[in-house]
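Worksheet for the structure shown next.
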Protein chains: 2
Amino acid sequence: MQEKCERVDSKQTADLLQNIPDSDTITKMAAVFQALQSDTRLKILFLLRQKEMCVCELEQALDVTQSAVSHSLRTLRQLDLVRVRREGKFTIYYIADEHVRTLIEMCLEHVEEKA
Amino acid sequence: MQEKCERVDSKQTADLLQNIPDSDTITKMAAVFQALQSDTRLKILFLLRQKEMCVCELEQALDVTQSAVSHSLRTLRQLDLVRVRREGKFTIYYIADEHVRTLIEMCLEHVEEKA
DNA sequence: TAAATACATGAACAACTGTTCATTTGTTCA
DNA sequence: TGAACAAATGAACAGTTGTTCATGTATTTA
């Protein structure tokens with residue numbers, strides 16, 4: 001590794017790099033944030049935060065097609081941000097765990113602070 | 001609002017909708033998550049979490065062009081996820097506040113839990 | 001003041017995302 | 001069993017993003 005500017009200390013940089021999560025973990029994190037980056041999916045999470053809901057309920061609340069809701073839920077489900085339970089002909093979705101709640105709350109606080 | 005399925009209670013739905021952040025706030029949150037959704041920007045934050053750094057240092061650590069680092073930092077800066085300080089010819093970047101640290105830590109815990 | 005260094009910015013292009021449409025799968029109940 | 005309802009999925013298209021290239025601006029120092 002060659003120095004780029006006088007502030008760079010290659011040894012220290014290598015050290016700092018060792019203390020960041022591995023590429024695989026970073027990519028998984030990016031996928032989680034990517035899932036949280038859509039208005040529709042955020043609204044879904046804010047709704048589910050209050051009450052578990054079936055796809056129909058979300059569809060009606062959000063004013064997008066059933067297909068769009070379903071696709072969004074799939075993304076959230078695959079990353080374990082929401083979970084599913086079958087109840088007769090309904091598929092009930094709910095927030096997966098406290099991490100997810102904290103994530104959206106931190107972000108909310110962050111943006112509200114600026115307003 | 002017309003009922004879509006027997007589980008839907010329009011009144012309650014309207015109520016739940018009132019308790020989610022307004023569209024403007026949702027969009028700002030989406031922008032924040034959007035900024036956190038790139039591998040490069042996440043790596044930048046994990047580096048800055050350990051030590052404030054100038055652009056050169058980040059460029060060397062990340063193995064992408066100076067331009068890419070600069071563009072990434074701009075995105076993070078505009079959302080107040082990182083802040084800047086001028087020091088002579090160097091521009092020093094650092095994590096904006098605790099919300100940002102908590103955000104990436106929650107996400108890290110979430111993805112590490114599954115591994 | 002001129003050259004070098006540090007950083008920012010605009011354009012452009014490939015890659016990716018979110019939505020809708022059309023269709024399929026699974027469940028209930030008459 | 002078959003009609004109706006709930007949900008998932010694949011394709012396709014417009015819109016968006018991240019990167020590099022080329023260039024511009026600001027600061028330092030010789």
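In what follows, chains carry the letters A, B, and so on, assigned in the order in which the sequence lines appear, proteins first and then strands, with residues in each chain numbered from 1.
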Between D:dA6 and A:Tyr93, is there an OP1 or OP2 to side-chain N/O distance shorter than 4.0 Å? no
Linking Ile, Leu, Val, Met, Phe, Trp and Tyr by side-chain heavy atoms under 4.5 Å, what else ends up with A:Ile92? A:Phe90
Are any of B:Arg77's side-chain N or O atoms less than 4.0 Å away from OP1 or OP2 of C:dT9? yes
How many Å lie between CG on B:Leu58 and P on C:dC7, as a whole number? 9 Å
Is it the case that A:Thr25 and A:Asp22 place a side-chain donor and acceptor less than 3.5 Å from each other? yes
Partner set under side chain to side chain contact (heavy atoms under 4.5 Å, CB included) for A:Gln50, not counting sequence neighbours: A:Leu47, B:Leu16, B:Asn19, B:Ile20
Protein-nucleotide distance (B:Glu57, atom CD; C:dC7, atom P), rounded to Å: 9 Å
Using only side-chain N and O atoms of B:Thr65, determine if any of them is under 4.0 Å from OP1 or OP2 of D:dT19. no
Is any side-chain N or O of A:Thr40 closer than 4.0 Å to OP1 or OP2 of C:dT19? yes
Could you tell me whether the side chain of B:Glu112 reaches within less than 4.5 Å of the side chain of B:Glu109, counting heavy atoms only? no
Take atom CG of A:Leu62 and atom P of D:dA7, then tell me their distance rounded to the nearest Å. 14 Å
Starting from C1' on C:dC7, measure out to CE on B:Met53 and report it in whole angstrom. 16 Å
Minimum-distance nucleotide to B:Cys56 side chain [options: C:dA8, C:dT20, C:dC7]: C:dC7
Counting side-chain heavy atoms from CB outward, which of C:dA8, C:dA6, C:dT20 is closest to B:Ser70? C:dA8
Could you work out, with side-chain hydrogen bond (donor to acceptor under 3.5 Å, both in side chains) as the rule, every residue matching A:Ser38, not counting sequence neighbours? none
By the Watson-Crick or G-U definition, both distances under 3.5 Å, D:dA30 is matched with C:dT1
Tabulate below the donor-acceptor pairs under 3.5 Å that side-chain atoms of residues 61-76 of chain A make, not counting sequence neighbours, or state none.
{"from": "A:Thr65", "atom 1": "OG1", "to": "A:Ala68", "atom 2": "N", "distance (Å)": "3.1"}
{"from": "A:Ser72", "atom 1": "OG", "to": "A:Ala68", "atom 2": "O", "distance (Å)": "3.3"}
{"from": "A:Thr75", "atom 1": "OG1", "to": "A:His71", "atom 2": "O", "distance (Å)": "3.3"}

How long is the line joining CZ of B:Phe33 and P of C:dG18, in whole Å? 14 Å
Have a look at B:Thr91 and say if it touches a base, only the backbone sugar-phosphate, or nothing, with a 4.0 Å heavy-atom cut-off. sugar-phosphate
With sequence neighbours left out, write down each residue that passes side chain to side chain contact (heavy atoms under 4.5 Å, CB included) with B:Asp80, or none if nothing qualifies. A:His110, A:Lys114, B:Arg83, B:Ala96
Which residues satisfy the side chain to side chain contact (heavy atoms under 4.5 Å, CB included) test with A:Gln34, sequence neighbours excluded? A:Gln37, A:Arg41, B:Gln37
Identify, with sequence neighbours excluded, every residue that meets side chain to side chain contact (heavy atoms under 4.5 Å, CB included) alongside B:Lys89. A:Glu6
Looking only at C:dC7, D:dT19, D:dT9, the nucleotide nearest the B:Phe90 side chain is C:dC7
Which is more 5' along DNA chain C, the nucleotide nearest A:Gln66 or the one nearest A:Arg7? Just name the residue. A:Arg7
To the nearest angstrom, how far is B:Leu76 atom CG from D:dT17 atom P? 14 Å
Expressed as a whole number of angstroms, how long is the span from B:Lys43:NZ to D:dT19:C1'? 14 Å
Please tell me whether B:Tyr93 and B:Arg85 have a donor and an acceptor in their side chains that are separated by less than 3.5 angstrom. no
Nearest-angstrom distance from the residue atom CD of B:Gln60 to P of C:dC7: 13 Å
Using a cut-off of 4.0 Å between protein heavy atoms and nucleotide atoms, how would you tag nucleotides 11-17 of chain C 5' to 3' with B, S and -? B-----S
Taking N or O atoms only and anything under 3.5 Å, show me the protein contacts with nucleotides 25-30 of chain D, one pair per line.
none

